[in-house]
Asker: 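Handing you a structure now.
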Protein chains: 2
Amino acid sequence: MLKTKKSVKRELILAEAAKLFKDRGYSGTSMRDLAGQVGMEAASMYNHIKSKDELLDTICFRISDTYISQLREIEHTASPYSDKIKALVRLHIQLMVEDSAAVSVANHDWKYLPEPRLTEFKQARKTYEKGFAALIEAGIAAGEFRPVNASVALFTVLSAVRWVELWYRPGRGLTAQELENNIITVLLGGLEQH
Amino acid sequence: MLKTKKSVKRELILAEAAKLFKDRGYSGTSMRDLAGQVGMEAASMYNHIKSKDELLDTICFRISDTYISQLREIEHTASPYSDKIKALVRLHIQLMVEDSAAVSVANHDWKYLPEPRLTEFKQARKTYEKGFAALIEAGIAAGEFRPVNASVALFTVLSAVRWVELWYRPGRGLTAQELENNIITVLLGGLEQH
DNA sequence: CCTACCGATCGGTAGG
DNA sequence: CCTACCGATCGGTAGG
């Protein structure tokens, strides 16, 4: 019972931390800022968390774990490579729309992770990128995709999805579905008419 | 003579500041870190600069001025819209390759600008985005581009170019030319075969 | 361009 | 969960 209440408070702190880290950056956010947002004194938060570093660590690795487990699932489906790539693009957009603060922190503030977690995070990201690139290369080998440089295609696709976090506001004209469809059209079909 | 030497030193400080801000963020970089990189004491830098804020301001507005003046030039050329978009994509990639630290700071740390410069920077960015989006819409109206949502296409293109700053290292397999050509192929032609 | 230093704020702990 | 407080570090200034 007590344990449950504490973990609820801990989740609240994590959620507010993600928002503040997104808006002001990890270094730009003080534990007193965060405490104010949560509604307690800075010292009191240390009953729920170990340190500022630990907040960043939890936020970053939850996101990277999600990406990697979803990639594994998609790898094991039997469908065309273009469908696999589309599914990954939709995954990125959905996560960004659902949990934009945490995704943003994992994208920008991971560099403040202290060792050895910094190295572990970079390795997780590399694992994900290699799996994604392998799908693109397989798609090229299968004749589904143009013979572009797979790394360039990978990063073009991955990054094309990242400004969603900066400008997309749900309910301002465009639904998440329309957003997905438009981005996939540009990335898979290209801007030009054929 | 003295004036020249001072401005040379000032440019050195600006260049090192851009590198540190890129690597550690604006808030994560102390004036003592920067002084160490430049080779003087923190207090001595204030003979060349006014404040830490002023460094950020100069870096950010130099970049936004460059983008806007180049956009104006491209707008006034008489060429197909797809060529105009390609020229803008090449401009982004070239600036990123040539001056990746400053571009990175203008992309990520502008939010630490103090008012009223923060508002001015946002306005400059909006001006650029509107000009870029207008070219995409004109291209759609002219039948050159698919009828996608122009805002989505704009941000997909703009952001597709941003991971260049994170992973591209000159002379590691890919030249800047090959990079440009591959990115343009994916964005304009699409990943899928047609 | 340096030494010496300012007040403010940082992440975190002690003790209740 | 709070008050009180720690040593460290921050951006910046005075004065030479």
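So that the names make sense, note that chain A is the first sequence line, chain B the second, and so on, each numbered from 1.
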Asker: Round to a whole Å and report the spacing from CD of A:Glu41 to P of C:dG16.
Answerer: 20 Å
Asker: For D:dC10, take OP1 and OP2 only and decide whether either is under 4.0 Å from a side-chain N or O of B:Ser30.
Answerer: yes
Asker: Please state how far atom CG in B:Leu56 lies from atom C1' in D:dG11, giving the value in whole angstrom units.
Answerer: 14 Å
Asker: Just by distance, with hydrogens left out, do A:Ser100 and A:Lys22 show a side-chain donor and acceptor under 3.5 Å apart?
Answerer: yes
Asker: Assuming nearest nucleotide by heavy-atom distance, tell me which of A:Arg32 and A:His48 is located more 5' along DNA chain D.
Answerer: A:His48
Asker: Ignoring hydrogens and angles, tell me if any N or O in the side chain of A:Asp57 forms a donor-acceptor pair with the backbone of A:Asp53 under 3.5 Å.
Answerer: no
Asker: Across the strands shown, which category fits B:Ser27 at heavy-atom distances under 4.0 angstrom: base, sugar-phosphate, nothing?
Answerer: nothing
Asker: In this structure, how many angstroms lie between the C1' atom of D:dG11 and the CG atom of B:Leu34, rounded?
Answerer: 12 Å
Asker: Can you check the B:Asn47 CG to D:dA14 P distance for me, whole Å?
Answerer: 13 Å
Asker: Taking the side chain as every heavy atom from C-beta outward, state whether A:Leu191 and B:Arg146 have any pair of such atoms under 4.5 Å apart.
Answerer: no
Asker: Could you work out which one of D:dG11, D:dA14, C:dG11 sits closest to the side chain of B:Ala43?
Answerer: D:dA14
Asker: Return the value, rounded to whole Å, for the distance between atom CG of A:Asp33 and atom C1' of C:dG11.
Answerer: 12 Å
Asker: From the set C:dG12, D:dG11, D:dC2, return the single nucleotide nearest to any side-chain atom of A:Ser44.
Answerer: D:dC2
Asker: Atom CE of B:Met40 to atom C1' of C:dT3: distance rounded to whole Å?
Answerer: 16 Å
Asker: Within the side chain of A:Lys84, is there an N or O that forms a donor-acceptor pair under 3.5 Å with the backbone of A:Thr77?
Answerer: yes
Asker: Send over the distance from B:Tyr112 OH to D:dC10 P, rounded to a whole Å.
Answerer: 16 Å
Asker: Less than 4.0 angstrom between a side-chain N/O of B:Lys50 and OP1 or OP2 of D:dG12, yes or no?
Answerer: no
Asker: Can you tell me how far C1' of D:dC10 sits from CE of A:Met31, to the nearest Å?
Answerer: 18 Å
Asker: Are there over 12 heavy-atom neighbours, none belonging to B:Tyr81, within less than 6.0 Å of that residue's OH?
Answerer: no
Asker: Counting only Watson-Crick pairs (N1-N3 plus N6-O4 or O6-N4) and G-U wobbles (N1-O2, O6-N3), all under 3.5 Å, who is the partner of C:dC2?
Answerer: D:dG15
